[in-house]
Amino acid sequence: MPLSAQHVSYSYTSRRGTASFALRDVSLAIERGTLTGLLGPNGCGKTTLLRLLAGILRPHAGTVTLDGRALSDLSRRAVARRIAVVPQETHPAFDYTAIEMVLMGRHPHLGVFELEGPRDFDIAHEAMVSTGTDHLGDRAYMTLSGGEKQRVIIASALAQQPAVLLLDEPTASLDLGYQVEIASLLRQLNRERSVTMVMATHDLNLAASICDTLVLMRDGRIQSYGATSDVLDSDAVRRLYGVDADVRFHDDAGHLVVVPVGPAPSAVEGRTR
């Protein structure tokens, strides 16, 4: 397995010194070349799990491994050469151009004080072509639209030439057109480049349309884990979100679709008590 977690727990400590658990005894194995979605309500631990899988956080119990080696035994540079992260938002400190943002993905492969060479520029250019951003190279990153920014950040991650790509809410705050565009891009990159991807998202239809595997989370624990067609159904949506939903295969779309119907009766009762 390229990336796995074994009995991982993590807790945040408040200013008063009390521990609040974010994850409890989480275990999963990410199959090579798959696209895995992390689903669950706010505060369930999706982003924390992504940060643990990226090595940004270290588990308080359990182990995260990359190709059989614990991330804690690897340097940050070594991890960054294998795992790339696409955050929800990116706010650069300076007014970089799009190509400069993409070239940052080459930093884990450069020595101390080493500058990018022709090969690094070729890799960055290829990443921008793959994401449809090669025409934006000289544009200031902060002048780009939301969808263009997201594709540039994905290009930067691809320039790292990672084995694993971790994405935190890649379509958050994007309009429907850009959501479809990013979904299509991720599906294409996963299939054509065989990049292993793990994506945290609130968008059930995005997950249903592109993910091979889903991890359903609530209250810091994994509720179910398996093939999308096996774990995503009306009962799962009700358990996770307290919402009644119609989940069915859409012939034209070629995948499951989720249509919320309304609050589940038990959820409404819980709010009125």
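Along the sequence shown, the residues carry numbers beginning at 1.
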For T34 and D212: C-alpha separation, side-chain torsions, deciding distance, then whether side-chain hydrogen bond (donor to acceptor under 3.5 Å, both in side chains) applies. CA-CA 6 Å; T34 58; D212 310 299; 5.0 Å; no

At what distance, to the nearest 0.5 angstrom, does [atom1] of [X] lie from [atom2] of [Y]?
X    : Y    : atom1 : atom2 : value
S4   : L28  : OG    : CG    : 7.5 Å
Y178 : T171 : OH    : OG1   : 14.0 Å
T63  : R69  : OG1   : CZ    : 13.5 Å
D67  : R32  : CG    : CZ    : 5.0 Å
S209 : D203 : OG    : CG    : 7.5 Å
R187 : E192 : CZ    : CD    : 11.5 Å

On a heavy-atom basis, which atom in [X] and which in [Y] lie closest, and how many Å separate them?
X    : Y    : answer
I182 : P170 : CG2-O, 4.2 Å
T36  : V215 : CG2-CG2, 3.9 Å
L240 : M217 : CD2-O, 3.3 Å
D219 : R24  : O-NH1, 2.9 Å
Y12  : A22  : CE1-CB, 3.5 Å
A245 : V258 : CB-CG1, 4.0 Å

Are [X] and [Y] grouped together when hydrophobic residues (ILVMFWY) are joined by side-chain heavy atoms under 4.5 angstrom apart?
X    : Y    : value
L158 : V85  : no
V180 : L204 : no
L174 : L189 : yes
V257 : V243 : no
I123 : M101 : no

Checking the side chain of [X] only, and the main-chain atoms of [Y] only, is there a donor and an acceptor separated by less than 3.5 Å?
X    : Y    : result
S27  : H7   : yes
S145 : E148 : yes
D120 : G117 : yes
R218 : P41  : no
Q160 : A80  : yes
E116 : F121 : no

Student check: side-chain heavy atoms of [X] and [Y] closer than 4.5 Å:
X    : Y    : answer
L39  : C44  : no
M128 : R151 : no
L23  : S9   : no
F21  : T48  : no
Q161 : R81  : no
I83  : L3   : yes
T65  : Q6   : yes
L185 : T131 : yes

Chi angles and distances behind the side-chain hydrogen bond (donor to acceptor under 3.5 Å, both in side chains) call for S224, R239: CA-CA 11 Å; S224 56; R239 289 195 305 270; 4.6 Å; no

Taking [atom1] in [X] as the centre, count heavy atoms belonging to other residues, nucleotides or ligands within less than 6.0 Å. Is the count above 12?
X    : atom1 : value
R77  : CZ    : yes
D73  : CG    : yes
Y225 : OH    : yes

Evaluate the criterion side-chain hydrogen bond (donor to acceptor under 3.5 Å, both in side chains) for residue pair H255 and N205; output intermediate values, then yes/no. CA-CA 9 Å; H255 55 75; N205 284 302; 5.8 Å; no

Let's go through R51 and L166 carefully: what are the C-alpha distance in whole Å and the side-chain angles of both, what is the deciding distance for side chain to side chain contact (heavy atoms under 4.5 Å, CB included) to 0.1 Å, and is it a yes or a no? CA-CA 9 Å; R51 290 173 177 170; L166 306 178; over 6 Å; no

Ion pair check, R119 and D122, cut-off under 4.0 Å: no

Apply side chain to side chain contact (heavy atoms under 4.5 Å, CB included) to the pair E31 and T213, showing each step before the final yes or no. CA-CA 9 Å; E31 298 281 354; T213 305; 5.9 Å; no

Check the pair E126, V129 against side chain to side chain contact (heavy atoms under 4.5 Å, CB included), reporting the backbone distance first and the verdict last. CA-CA 5 Å; E126 180 189 358; V129 170; 5.6 Å; no

Start with the C-alpha distance between L66 and L53, add both sets of side-chain angles, then the distance that settles side chain to side chain contact (heavy atoms under 4.5 Å, CB included), and finish with yes or no. CA-CA 9 Å; L66 176 64; L53 293 175; over 6 Å; no

